[in-house]
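I have a structure I would like to understand better, so I am pasting it below and will then ask my questions one at a time.
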Amino acid sequence: MNPLRLLGLLLLFVANAVAQNPTPSPTPPLLKPDERLKVDVLLIVAHPDDETGVVPYLVQLIDQKKCVAVIYTTHGEAGHNNMGPERAQSLGAVREMELRHALESVGINNVWFLSGRDTPTQNVLESLANWHQGQVEEELIRMVRLTRPEVIVTWMPGFFVGENHGDHQAAGVLATEAFDMAGDPTVFPAQLAGPVKVNETLLDGLQPWQTKKLYYFPDSADDIFKGTGPTYQTNGMAKMLKIPYWRAGFETFKYHLTQYRTFIEGLKKMDEKQVAEQEKNWGGEGSFVFGKSLVSGSVTGDVFEGITPKPIAFVPPTREAFAQPEALSIELGGPWGFYEKFFRAHGITKLPKAKGPEVAIKRGATLTIPLELHNHTGSARTMTIALKLPEGWTTQSGAGSLTLDPQSDYYWQVLVDAPKAETKERQEIECTATADGKTLATIKISVQLRNGGLPQN
Ligand SMILES: [Zn+2]
């Protein structure tokens, strides 16, 4: 055939083919959120080993075919290392490895670490500052939207005598905020924007998510937490692991060698009979503190009481209005003042509370009493701060008379030194402010003196 005629026929064929089968416009399939990530319970804690007390409960959930995931807000890198010279961020990497192996051993594989830095004080505000609160909050809300938990379980935010780690409190603060904000379509909207490019790197393509219930567990063994939430038993036999539930906590703890090497080596040397006897230390009834619920159910009812598979709509928290301070007034600031406002902002009104402000510090240490002073009158005023201290305590600074300018607010702190002597009873520090011969307020702080522990600040 004439080559030109062949070419003409070919072109005609191609033209016909194109006319009959136009190139289909690309219609990618509609994708639903990845079901592998959906969980029933999301545990939000601060450091590797924080999970220890809750592992028996998580293993029970796994036996019930429920899905769990765990978020660590820091790597726990500020501690010592019993295993080697690795410290700081390298220690954090080691602790992440220990933790992942620990949780894998009981069947928990969905574990994420956020960018918070381990901050070893009792002051939640220092933890939040060191974490760059907004950054970790953004990361945490992303994880809530990604994992879509029915229930969030986290450390109790609050200032109590106990270990009272500022990072534990901060994990509870951020988890509470995430509970209230992850369902809000205006919060971190880039996470909720659909991808606009094939290889999208900026927009997450997530959906808002409203978690149904929020539970806390405290960093203190105080009786005030009894009966404030659901309980569970740990003496049953785990179906998958074939060990009692309490022992799942005991076994996962053994992976945290950088923290507790000598103690763990002792545990590892135990024979079966000795391990069984450990139930008195590691077993018993577990419990949570009821935080919030957006479904039916009671405070002490089961964690999953009232929960159905259907997602629920976003419920903004019911905020309580903040009272304006009296024209001439003084109040306790720092973490104490923060929590007063925090719970009101999140509509959490029924949490167990200490009788009054309390703190545990080392014997011989300095107690900081953070104060906020207000003069909303039109003239300068003099406020006098006087202290009543138990025997052996001394004032370092902060007492005396202060002149407050009109329409002004100030931060102030009183520093008092605790005695070094052994004292079993709680000590009460009394701080009274007066003006023009009238008492404005008396602030009492209950202090437990102990041999060590985290510094107050
Ligand atoms: Zn911790």
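Position 1 is the first residue of the sequence; numbering continues from there. Just follow the structure's listing: the first ligand is 1, and inside any ligand the first atom is 1.
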Please report whether the ring centroid of Trp155 lies less than 6.0 Å from that of Phe217.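 Under 6.0 Å, so yes.
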At a cut-off of 2.8 Å, list the protein N/O/S atoms near the Zn ion (ligand 1), residue plus atom name.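 For the Zn ion (ligand 1), the protein N, O and S atoms that sit under 2.8 Å away are His47 ND1, Asp50 OD1, His168 NE2.
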Are Phe288 and Tyr232 an aromatic pair, judged by ring center distance below 6.0 Å?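 Judged by ring-centre distance (under 6.0 Å), Tyr232 and Phe288 do meet the cut-off.
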Set of residues satisfying ring-ring contact (aromatic ring centres under 6.0 Å, His included) with respect to Tyr216, sequence neighbours excluded: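 Testing Tyr216 for ring-ring contact (aromatic ring centres under 6.0 Å, His included), a comparison that skips the adjacent residues, returns none.
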Within residues 217-229 or reaching into it, pairs that qualify as salt bridge (Lys or Arg N to Asp or Glu O under 4.0 Å) - sequence neighbours excluded: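 Sorted result for residues 217-229: Asp223-Lys226.
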Can you pull the side chain to side chain donor-acceptor pair (under 3.5 Å) pairs that have at least one residue in residues 177-190, sequence neighbours excluded?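 As it turns out, the side chain to side chain donor-acceptor pair (under 3.5 Å) pairs with a partner in residues 177-190, which skip direct neighbours, are Gln133-Glu177, Asp180-Lys292, Asp180-His346, Asp184-Thr186.
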Side chains of Gln278 and Asn281 only: does a donor on one sit below 3.5 Å from an acceptor on the other?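 Side chains of Gln278 and Asn281: pair found under 3.5 Å.
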